[in-house]
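What follows is a short report on a single structure.
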Amino acid sequence: MSSVFIVSNRLPYTAAVRRDGVRLVASTGGLATGLSSVYRQGKTLWVGWPGVPADRLEPSQRQQLTRVLWEKGCVPVFLDEQEVQEFYLGFCNRSIWPLFHYFPQQAVHERSLWEAYRRVNQRFADAVAELATPESIIWVHDYQLMLLPALLRARLPRAAIGFFLHIPFPAFEVFRMLPWRRELLEGVLGADLVGFHTHEYCLHFLDCVQRLVGGQQRLGYLTVGGRLVRVEAFPMGIDYERFAGAQELPEVRREIDRLRQKLGGLRVVLSVSRLDYSKGIPQRLAAFDLLLERHPELREQVTLVLVAVPSRTEVPAYQALKRQVEEQVGQINGKHGTLGWMPVWYLYRAVPFATLAALYRLAHVALVTPFRDGMNLIAKEFVASKTDGRGVLILSEMAGAAREMTEALLVNPHDVEAIEDALYRALCMPEDEQVARNRLMQERLRQFPVQRWAMEFVEHLRQAHGLQEEVTGRALTEEVRAELLRQYRQARRRLLVLDYDGTLVPFAPRPDQAAPDPALLDLLGRLCADPRNTVVLVSGRDRHSLERWFGGLTLELAAEHGVWVREGAGPWKLAQEVSDEWKREVYPILEAYATLTPGAFVEEKGFSLVWHYRGVEQKLAETRSRELKGTLAMLTAPLDVGVLEADRALEVKPLQAHKGRAVRRWLQAGPGGDARYDFVLAAGDDFSDEDMFAAVEPYGWTVRARPGPTRARFWVQGYRQVRELLEELATGGHRPG
């Protein structure tokens, strides 16, 4: 059995059916090259479609193909012609592809195509699950298989599952157009690690998850459905040494000589891409046309070599683009060309590696201006090929590669005049400037080749899965719960320390809307009625709210993180000597940010201030809260107060006021510090409760109302499960009913 699985739409080999049998052609693409560092290791299988419809294969050919692929460490997933049409050419490339590349007008939303997408993802899940073990590492690739991680998680809950998206992930306003948006997100969230090319795509994904699925996000980790999901950027590199050393290959040298003789002394602008509407090819041609118009001295001095690799030729949008490009090429050549000079040299086909490497070497300028691109490896390959340092890269600022290759001439791909200006600047750039720019980019590419990309992703997947296993292992399982209840039943004196918001009740849009429901009041009343129990409610809320809601119970109360306490039915006491003088400086800042942020407001307590932004639009909330935290960090440093990040709120409070200090009041009986309880339970839900967990940990049980990194020993999923546990305690440590 294999311990590592690579799963992608296509295998690293394409099957060709011939009269004499089935033959395999190895892929030379970036993905196959990058994953070779993982794939070539022992106990690794690659699962994918072999590139030929199953209904074109005789049973004997199918068996032969399966056997040949298995010998190469590959497992075929067979799709028939209709499935290829509806799944790959249909939903993948007529729904997801245009939408994720910001072409919603090209996207179709047909349920039949969606159903085909679901069926094929299930087919892949069946193929992997048949061979994988519970401890397998499974790396799923790209937009064709976005449902697969969750399908595998349901069948292999302990497996390490990673997902990497090779195309852009769009902003929420675009992604939300897809009718099956939530299903795709939930599919991806089955992974332990989700990878993208850039941090921008990560932020878009996190934003969409929080708006459409929910969950908490902190430091790159999402807490969703009781699981931790790591979201991180892994910019994909290239096989740097292959392109840097290509000119030493005999076949490449021969191709360089052939092309140099054919091109004569012309300066070459090179454009290489698939013929896809996301690549901005018509705009490149328009810019080159404009260059020749504005700078007639360049006529018969420069040529544009346009390599357009056929793509999805059965899709109408691609057929229309092909006609448009051919018309533009004809117009430019007819308009500017002479008997001895063709301005645009148009190649509508894929070119072999030797020709591509030779073109990279000969080109003076590379014109890479997609409207959107997950990364774009052409830009990186061109720069890596320039071992003498000469050559200029013009790169779209919309390509993922632009985040790394800042020394290129970055352009807006929609701005034809800007592209034309960059072309002229590139053709006139001094050689020393070319070399200086390229050397910086080359060093970066050398340090982060595609092999490193693959190995780092797998290593981060192992780490994310290890943390997930740790979190899962701390879930309050039935076995652990039974032991907790047993200890509770046997205890003579019990201390129950409970947070309120998020632990006993859900969060409300405004603080005054979170009043306890009758069932909760009844539950707390029954717990308090047991003479062996001391029940303490420790909250960040003000004492007036707690008194109004719980004054009729014999609860022990701690307000504002323990600044105020009420023991039994006694009066409220100031338990910690703190000042509120600082509020005069901080309040105007919070109020100003609330005024600038629709939906935000300031809550004033006796010794703290809270800036709430639960009702603020997600993107604005992220921006304003980040700005405010920075402002408060500088303002509060000399004031002996700190900023506590709560759930969709920022609370400014004295540093010495925290729940851990408050809880010690009940934990410690006297000068010796001996605990006077033989059963202690603390339940909370957020970072303000970590001090409480730390204080209680040596004495008893700590439970967090959500999974995630925490000092608590165990976690449950949400406030309802906390109340279920308390209900069991209220019945004397026995299950109700």
Side-chain angles (χ1 to χ4, degrees), residues 243 247 256 259-260 262-273 279-308 328-329 332 336 341-347 351 355-370 373 376-399 401-402 405-413 415-442 445:
F243 287 93
Q247 63 178 331
I256 289 174
L259 291 173
R260 182 176 283 133
K262 188 174 183 64
L263 291 165
L266 292 173
R267 299 157 80 184
V268 175
V269 175
L270 177 63
S271 170
V272 180
S273 65
K279 302 301 182 183
I281 297 174
Q283 285 69 24
R284 300 182 202 183
L285 287 166
F288 187 69
D289 183 14
L290 187 60
L291 175 75
L292 297 179
E293 284 186 3
R294 289 183 172 178
H295 301 281
E297 71 277 10
L298 292 177
R299 295 178 181 179
E300 300 188 316
Q301 301 297 313
V302 63
T303 190
L304 171 63
V305 177
L306 179 64
V307 180
Q328 279 185 279
V329 170
I332 294 171
H336 299 288
W341 171 61
M342 184 167 59
V344 181
W345 185 6
Y346 176 50
L347 301 175
V351 296
T355 302
L356 181 62
L359 286 170
Y360 285 153
R361 181 65 180 172
L362 291 172
H364 297 77
V365 179
L367 188 57
V368 185
T369 56
D373 220 332
N376 195 291
L377 301 182
I378 295 293
K380 295 186 173 184
E381 292 168 2
F382 171 77
V383 171
S385 300
K386 294 302 187 182
T387 53
D388 62 0
R390 293 181 296 175
V392 181
L393 172 64
I394 300 174
L395 179 60
S396 166
E397 61 191 15
M398 306 295 184
M405 309 183 77
T406 54
E407 294 80 13
L409 297 184
L410 300 179
V411 297
N412 180 341
D415 190 340
V416 171
E417 292 200 355
I419 300 173
E420 183 275 330
D421 183 68
L423 279 170
Y424 186 71
R425 182 181 171 191
L427 291 167
C428 298
M429 185 179 291
E431 284 191 5
D432 58 347
E433 183 180 351
Q434 297 178 34
V435 172
R437 289 170 176 268
N438 286 327
R439 292 300 184 224
L440 290 170
M441 290 188 284
Q442 286 170 344
L445 297 176

Handout entry: Side chains of Val272 and Val351 in contact at under 4.5 Å (non-hydrogen atoms)
Key = no

Handout entry: Any side-chain heavy-atom pair of Arg260 and Arg361 under 4.5 Å
Key = no

To the nearest 0.5 Å, what is the distance between [atom1] ([X]) and [atom2] ([Y])?
X	Y	atom1	atom2	value
Lys380	Leu393	NZ	CG	11.5 Å
Leu347	Thr355	CG	OG1	9.0 Å
Phe382	Leu356	CZ	CG	11.5 Å
Leu362	Leu263	CG	CG	6.5 Å
His364	Arg267	NE2	CZ	6.5 Å
Leu266	Met342	CG	CE	10.0 Å

Side-chain ([X]) to main-chain ([Y]) donor-acceptor, under 3.5 angstrom:
X	Y	value
Asn438	Gly391	yes
Ser271	Leu306	no
Lys386	Tyr360	yes

Heavy atoms only: give me the nearest [X]-[Y] pair and the separation to one decimal.
X	Y	answer
Ile419	Pro413	CD1-O, 3.6 Å
Arg284	Ser273	NH1-OG, 3.9 Å
Gln434	Val392	CG-CG2, 3.7 Å

Practice task
Indicate whether any N or O donor in one side chain lies under 3.5 Å from an N or O acceptor in the other, for Gln283 and Thr369.
Solution key: no

Practice task
Starting from the C-alpha separation in whole Å, work towards a yes-or-no answer on side-chain contact (heavy atoms from CB on, under 4.5 Å) for Val344 and Phe288.
Solution key: CA-CA 9 Å; Val344 181; Phe288 187 69; 4.1 Å; yes

Completion exercise
Exactly one of Leu290, Leu304, Val416 clears side chain to side chain contact (heavy atoms under 4.5 Å, CB included) with Leu285, and that residue is Leu304

Practice task
Could you tell me which residues satisfy side-chain contact (heavy atoms from CB on, under 4.5 Å) with His336, sequence neighbours excluded, listed by chain and number?
Solution key: Asp289, Leu292, Glu293, Arg299, Ile332, Trp341, Pro343

Handout entry: Lys279: partners by salt bridge (Lys or Arg N to Asp or Glu O under 4.0 Å), with sequence neighbours left out
Key = Asp373

